[in-house]
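From a predicted model like this one, the values you see are computed outputs, not experimental measurements. Throughout, a chain's letter reflects where its sequence line sits, starting with A, and its residues are numbered from 1.
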There are 2 protein chains.
Amino acid sequence: MLVNQTDIYALRAMTFLALQGADALVSSKDLAEKTRIPSHYLSKIMRRLVEAELVVSQKGHGGGFQIVRPLEEITIEGILDAMGDKHELEKCAFGWEKCGGEHPCPLHPAWSELKSSFVGWASSTNLSKLRNAHIQQRFLSSLGGGDLPE
Amino acid sequence: MLVNQTDIYALRAMTFLALQGADALVSSKDLAEKTRIPSHYLSKIMRRLVEAELVVSQKGHGGGFQIVRPLEEITIEGILDAMGDKHELEKCAFGWEKCGGEHPCPLHPAWSELKSSFVGWASSTNLSKLRNAHIQQRFLSSLGGGDLPE
DNA sequence: CCCAAAATAGACATAAAAGTCCTTTGAAAA
DNA sequence: TTTTCAAAGGACTTTTATGTCTATTTTGGG
């Protein structure tokens, strides 16, 4: 819940695409190898991302997946929404049908806090941010030498 | 992940116990009915909470479960730890064996943020806080009239 | 035009989580 | 002491999530 394995795969794939630079076209096979996501499972995930219009797909020879929108526009929230488990956060943790307003369940205040901090994080983190942070980090660590893992 | 159904059940059960007042002894059957947790499943959950010493159990006729420690000491983090899925947060979201320090994965900074805000929430929220907030809320809403749901 | 590469689609398989059932053990009350 | 209630423990089942396989469609290249 909140973030499952499939969600993480989606985040990985999108992040990887974003790191390949503007409009890079990457095949599912390549993506799967580089991100270590089971290839057939990845293709299911990619379809959802295509439907949500976060990526564009190119069928046939030389095809693949591509981000065509500005990276700033693609947030973690958007990716999670595309994977379709938003409703999880909306259910009352105490199992009440009606919870909130005048009659919040005992867990309601705490749950709301969690929810808003989670949504805050997810909505403020976009692919551009991830990319910049990572590129900067690679630059800094290249100054110190050392090998890149994996 | 982060918080699964079983975790939520544990939070519900502990919260319910905390609301019953100091040292209330509640049977598994009662707990299950009031919290709407499948009774046999609940008893498994309670065993874990007993082992973690968050509650004490009383076997035999008239037995049940009881919180004997100060409510301030029992945090959501403690409850989640008792349920045993702490390791989830520690794994690299990008699937790298070694991630962090000199060579963080592209998702590392964002993931760390999420982790620390989640842990901050879980460790700062304790049963006393939940109880007080709820009691206060009930008082306030009683002034306005209206029925309690569920 | 035909072949190969690559996404799409959906059926199938496996693993993990959630839930149920049955037996045993312990303690209180009759 | 016997009965009865309730936790402990474990085997089993069901459901959901994850992963695999096999075809079908689409597209570019020879």
Side-chain angles (χ1 to χ4, degrees), chain A residues 1-13 17 24-68 80 82-88 91 93 95, chain B residues 1-13 17 24-68 80 82-88 91 93 95:
Chain A
M1 167 178 206
L2 286 196
V3 190
N4 58 31
Q5 186 63 55
T6 307
D7 294 334
I8 290 177
Y9 286 161
L11 294 176
R12 268 196 221 174
L17 272 177
L25 186 65
V26 182
S27 74
S28 185
K29 194 180 165 227
D30 261 26
L31 249 184
E33 280 169 10
K34 301 293 177 48
T35 57
R36 299 195 183 174
I37 299 170
S39 62
H40 292 88
Y41 197 53
L42 174 62
S43 73
K44 286 185 175 178
I45 292 168
M46 294 313 294
R47 257 186 287 160
R48 294 202 230 175
L49 296 172
V50 169
E51 277 181 33
E53 300 183 7
L54 295 182
V55 295
V56 155
S57 70
Q58 196 82 36
K59 286 180 83 171
H61 198 113
F65 298 94
Q66 196 175 18
I67 296 177
V68 292
L80 297 180
M83 302 312 290
D85 28 35
K86 183 156 198 171
H87 47 285
E88 289 292 338
K91 279 190 276 183
Chain B
M1 168 178 208
L2 286 197
V3 190
N4 56 32
Q5 187 62 58
T6 307
D7 293 335
I8 290 177
Y9 285 161
L11 294 176
R12 268 196 222 174
L17 272 177
L25 186 65
V26 183
S27 74
S28 185
K29 192 179 164 230
D30 261 25
L31 249 184
E33 280 169 10
K34 301 292 176 48
T35 57
R36 301 194 182 175
I37 298 170
S39 62
H40 291 89
Y41 197 53
L42 175 62
S43 75
K44 287 186 176 180
I45 292 168
M46 295 313 293
R47 261 188 285 158
R48 295 202 230 174
L49 296 171
V50 169
E51 278 181 32
E53 300 182 6
L54 295 182
V55 296
V56 156
S57 69
Q58 197 80 36
K59 287 179 85 171
H61 198 114
F65 299 94
Q66 195 175 19
I67 295 177
V68 292
L80 296 180
M83 303 311 291
D85 28 34
K86 184 158 197 170
H87 47 287
E88 290 292 339
K91 279 190 276 182

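Residue B:Lys29 holds its NZ atom at 14.0 Å from OG of B:Ser43, rounded to the nearest 0.5 Å. Summarising the geometry, atom CG belonging to B:Asp30 is positioned 10.0 Å from atom CG belonging to B:Leu25; distances are rounded to the nearest 0.5 Å. Put simply, CG on B:Leu2 and CG on A:Asn4 are 10.0 Å apart, with the number rounded to the nearest 0.5 Å.
Within a 6.0 Å radius of CD in B:Gln5, more than 12 heavy atoms belonging to other residues, nucleotides or ligands are found.
In this structure, A:Asn4 atom CG and D:dG19 atom C1' are separated by 14 Å, rounded to whole Å. Between the CZ atom of A:Phe65 and the P atom of D:dT27 there is a distance of 14 Å, rounded to whole Å. Rounded to whole Å, the distance from CG on B:Leu25 to P on D:dC5 is 16 Å. B:Tyr41 places its OH atom 17 Å from the P atom of D:dA11, with the value rounded to the nearest Å. Look at CE on A:Met83: it is 12 Å from P on D:dA17, rounded to the nearest Å. At whole-Å resolution of the value, NZ in A:Lys44 and C1' in D:dT16 are 13 Å apart. When rounded to the nearest whole Å, the span between NZ of B:Lys29 and C1' of D:dA8 equals 18 Å. Rounded to an integer number of Å, the gap from B:Leu42 CG to D:dA7 P is 9 Å.
Take the nearest nucleotide of DNA chain D for A:Gly62 and for B:Gly62: the residue whose nucleotide is more 5' is B:Gly62. When each of B:Ser27 and A:Gln5 is assigned the nucleotide of DNA chain D bearing its nearest heavy atom, the one mapping closer to the 5' terminus is B:Ser27.
Among the protein residues, B:Ser43 comes within range of no part of the nucleic acid, since none of its heavy atoms lies under 4.0 Å from any strand. When heavy atoms are screened at a 4.0 angstrom cut-off, A:Thr6 is found touching the sugar-phosphate backbone but no base atom.
Think of the region where chain A sits on DNA chain C: with heavy atoms and a 4.0 Å cut, that region ends 5' and 3' at C:dA5 to C:dA11.
Residues A:Thr6 and A:Arg48 form a side-chain contact, since some pair of their non-hydrogen atoms from C-beta on lies under 4.5 Å apart. The closest side-chain heavy-atom distance from A:Ile8 to A:Val3 is below 4.5 Å. For the pair B:Val50/B:Arg47, no side-chain contact is recorded, criterion being any heavy-atom separation below 4.5 Å from C-beta on. Between B:Leu31 and B:Arg12, the closest side-chain pair of non-hydrogen atoms is not below 4.5 Å. No side-chain heavy atom of A:Val26 sits less than 4.5 Å from a side-chain heavy atom of A:Lys34.
Listed by residue number, the members of residues 50-59 of chain A with any heavy atom below 4.0 angstrom from DNA chain D are A:Lys59.
Which of D:dG19, D:dG9, D:dT4 sits closest to the side chain of B:His61 comes down to D:dT4.
Put simply, A:Tyr9 has a side-chain N or O that comes within less than 4.0 Å of OP1 or OP2 on D:dG19.
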